[in-house]
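Structure first, then comments.
Order of the sequence lines fixes the chain letters, A, B, ..., with proteins taken first and strands second; residue numbering starts at 1 for each chain. The figures here come from the full heavy-atom set of this structure, side chains too, leaving out hydrogens, waters and symmetry mates.
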Number of protein chains: 2
Amino acid sequence: MDENIFRSTCPISSSLDLFGDKWTLLIVRDLLYHGTRTFKDFYQSEENISSARLSERLKKLEGLQALTKENHPTNKKVYIYKLTQKGKDLAPAIIDLITWGNKYLNHHISDESKKFAANLKENREIVLKELMK
Amino acid sequence: MDENIFRSTCPISSSLDLFGDKWTLLIVRDLLYHGTRTFKDFYQSEENISSARLSERLKKLEGLQALTKENHPTNKKVYIYKLTQKGKDLAPAIIDLITWGNKYLNHHISDESKKFAANLKENREIVLKELMK
DNA sequence: ATATTTGCTTTCACATTGAAAGTAAATATA
DNA sequence: TATATTTACTTTCAATGTGAAAGCAAATAT
C-alpha cells in the first residue's frame, strides 16, 4: 500500500482515506451479514452498484487484505469473497453507523433493519461477536 | 432533508449517503476533540481541506442539524461551530475508525494518536462519555 | 451445438474535488 | 482616521471520480 494516499498521521483520517466513500463499507456489510458472497451477489444488492465500481472496490479491498477471493469448489467461473480478520474488524464501526442511521433516519429504514438495530442496541457485544465469527 | 439522497432503506447505506466521504467525519472529529471550532480552526487542521469544500461540508452538517453555527461573543466576523446531540452520536463510529486505523495502519500513526487509541481500547465507555459530554 | 450465466472491462457523459485566486466585512494597527 | 490584516467565505476551473450502458470471453446449462 502506498503511503502517500494518507493525508495525515491521524487514524480516523487514515481510515477514511481507505473507507471514506459510499461503496466500500457496503461491500463489507454484505460480507458481515452473509459470510461469503460472489460478484453477482454483491451486484444484486439493493443499492445498485455498477459493475465497474464493484470490480474496482473488490480489488481495493483485496489489495488491503480486508477480504480474500477464492475459487468456487465446483464452478470455475465463480469466485467466493470472504472477510479476513482485518475486514471483520470493521464490524464495530459498521454497527455504530447502523445504530446512528436507525436513530436519526428511522422514518425511512426498513422494518427488518429496525429489528436488527433494536437487537444491536440491547446486545451490542453479542451481535458483534456473532458478526465477526 | 430530501429523501431521494438515500439509496435504500438500510441504515448503513443511509448513514453512508450522509457521511460517506473523506471530509465530513473529520469535521465531526475536530469538534469532538475540541468542543468548539471556527472556520479558521477547521481550515488549519493538518489534512488541508480546501475552503470551498469546508464551507460546503459545514453547510451540509448544519442542514442535517449535526452542528450549530453561532456568533462569536465579541468578534462579529467569527462564528462558533458546535456539535448537537445528533453530531455527538457519531462519536462511537468515529472511535471505532480510530481503533481500526490504529491497529492496521499503526506504522504511520502519530505517537499522540497511538496513546489516545491505547486509552480508548482500555476505557471505551469512559472516553466515549468524555467526548460526548 | 447453442443459449445463458458469470465476472468482469471498456467507454464516456456527468458530477465531484482540490487548488488558487478573489471578495467583503470586521478588526487591529499606525 | 487611514490602512493593513484577519476571517469567513465564494468563484473558477482543470483534474479526478462516478454511474449507466454496452461489450466480452470463459464456463456452464440446455
Side-chain angles (χ1 to χ4, degrees), chain A residues 1-2 4-8 10 13-14 16-27 30-31 34 36-64 67-82, chain B residues 2 4-8 10 13-14 16-28 30-31 34 36-64 67-82:
Chain A
M1 279 294 113
D2 206 346
N4 60 15
I5 62 171
F6 298 116
R7 289 168 289 178
S8 77
C10 163
S13 160
S14 301
L16 291 173
D17 286 331
L18 302 179
F19 305 114
D21 69 70
K22 298 205 187 303
W23 293 115
T24 307
L25 289 179
L26 286 190
I27 290 172
D30 283 359
L31 287 168
H34 298 103
T36 60
R37 295 271 94 180
T38 66
F39 191 94
K40 192 191 170 204
D41 291 332
F42 290 120
Y43 185 66
Q44 290 179 338
S45 71
E46 62 174 339
E47 289 86 5
N48 298 312
I49 190 170
S50 75
S51 56
R53 235 37 62 203
L54 175 56
S55 175
E56 186 184 78
R57 293 302 198 279
L58 286 172
K59 273 178 191 145
K60 185 179 81 172
L61 285 165
E62 198 187 354
L64 284 173
L67 56 73
T68 58
K69 178 184 183 177
E70 23 178 289
N71 291 313
H72 184 99
T74 61
N75 188 326
K76 287 189 178 175
K77 200 74 223 312
V78 175
Y79 300 92
I80 309 289
Y81 294 92
K82 278 183 194 169
Chain B
D2 207 344
N4 59 16
I5 62 171
F6 297 116
R7 289 168 290 177
S8 77
C10 163
S13 160
S14 302
L16 290 173
D17 286 331
L18 302 179
F19 305 114
D21 69 70
K22 299 207 186 302
W23 293 115
T24 306
L25 290 180
L26 285 191
I27 290 172
V28 177
D30 284 359
L31 287 168
H34 297 103
T36 60
R37 293 272 95 179
T38 65
F39 191 93
K40 191 191 170 203
D41 290 334
F42 289 120
Y43 186 65
Q44 290 179 339
S45 71
E46 62 174 340
E47 288 86 7
N48 297 315
I49 190 170
S50 75
S51 55
R53 236 35 64 202
L54 175 56
S55 176
E56 187 184 77
R57 293 300 198 281
L58 286 171
K59 272 177 193 142
K60 185 179 81 172
L61 285 165
E62 198 187 353
L64 285 172
L67 56 74
T68 57
K69 178 184 182 179
E70 23 178 288
N71 291 312
H72 183 100
T74 60
N75 188 326
K76 286 189 178 174
K77 199 75 221 313
V78 176
Y79 299 93
I80 308 289
Y81 294 93
K82 278 184 194 169

dA8(D) P sits how many Å from Ile49(B) CD1, rounded? 14 Å

Atom pair distance, as rounded to whole Å: NE2 in His72(B) and C1' in dC9(D): 18 Å

Donor-acceptor under 3.5 Å (Lys22(A) side chain, Asp17(B) main chain): yes

Give Phe42(B) one of three labels, base, sugar-phosphate or nothing, depending on what nucleic acid heavy atoms sit under 4.0 Å from its own. nothing

With side chains defined as the heavy atoms from C-beta onward, is the minimum distance between Leu31(B) and Phe42(B) less than 4.5 Å? yes

dG17(D) P sits how many Å from Asp17(A) CG, rounded? 13 Å

Please state how far atom NZ in Lys76(B) lies from atom C1' in dC9(D), giving the value in whole angstrom units. 19 Å

Rounded to whole angstrom units, what separation is found between the CD1 atom of Ile27(B) and the P atom of dC9(D)? 12 Å

With Glu46(A) via side-chain hydrogen bond (donor to acceptor under 3.5 Å, both in side chains) - residues at least two apart: none

How many whole angstroms separate atom CD of Glu47(A) from atom C1' of dT18(D)? 16 Å

Most 5' of Lys40(B) and Ala52(B) on DNA chain D, judged by nearest nucleotide: Lys40(B)

Students often get this wrong, so: under 4.0 angstrom with heavy atoms, is Lys22(A) touching a base, only sugar-phosphate, or nothing? nothing

Check whether any side-chain nitrogen or oxygen of Ser50(A) sits under 4.0 Å from OP1 or OP2 of dA20(D), and answer yes or no. no

Taking the side chain as every heavy atom from C-beta outward, state whether Thr38(B) and Tyr79(B) have any pair of such atoms under 4.5 Å apart. no

At the 4.0 Å heavy-atom cut-off to chain B, mark where contacts on DNA chain C begin and end, going 5' to 3'. dT17(C) to dT27(C)

Counting only side-chain nitrogens and oxygens, does Tyr43(B) get under 4.0 Å of the OP1 or OP2 atom of dT6(D)? no

Touch class at under 4.0 angstrom, heavy-atom based, for Tyr79(A) against every strand present: sugar-phosphate

For the residue pair Thr36(B) / His34(B), report whether a side-chain donor-acceptor contact shorter than 3.5 Å exists. no

Is there a side-chain contact between Lys59(B) and the phosphate of dT10(D), meaning an N or O under 4.0 Å from OP1 or OP2? yes

Ignoring backbone atoms, test whether Trp23(A) places a side-chain nitrogen or oxygen under 4.0 Å from the OP1 or OP2 oxygen of dT18(D). no

For Arg53(A) and for Val78(A), find the nucleotide of DNA chain C with the closest heavy atom, then tell me which residue's nucleotide is more 5'. Val78(A)

Just how far, in rounded Å, is P of dG19(D) from CG of Leu54(A)? 12 Å

Carboxylate-amine/guanidinium contact Arg53(B) Glu56(B), below 4.0 Å: yes

Under-4.0 Å side-chain N/O to phosphate OP1/OP2 contact, Asn75(A) with dT28(D): yes

Would you mind reporting whether Arg7(B) and Leu16(B) have side-chain heavy atoms less than 4.5 Å apart? yes

State, with a plain yes or no, whether a side-chain heavy atom of Ile80(B) is found less than 4.5 Å away from one of Asn71(B). no

Heavy atoms only, 4.0 Å cut-off, all strands: where does Glu56(B) land among base, sugar-phosphate and nothing? sugar-phosphate

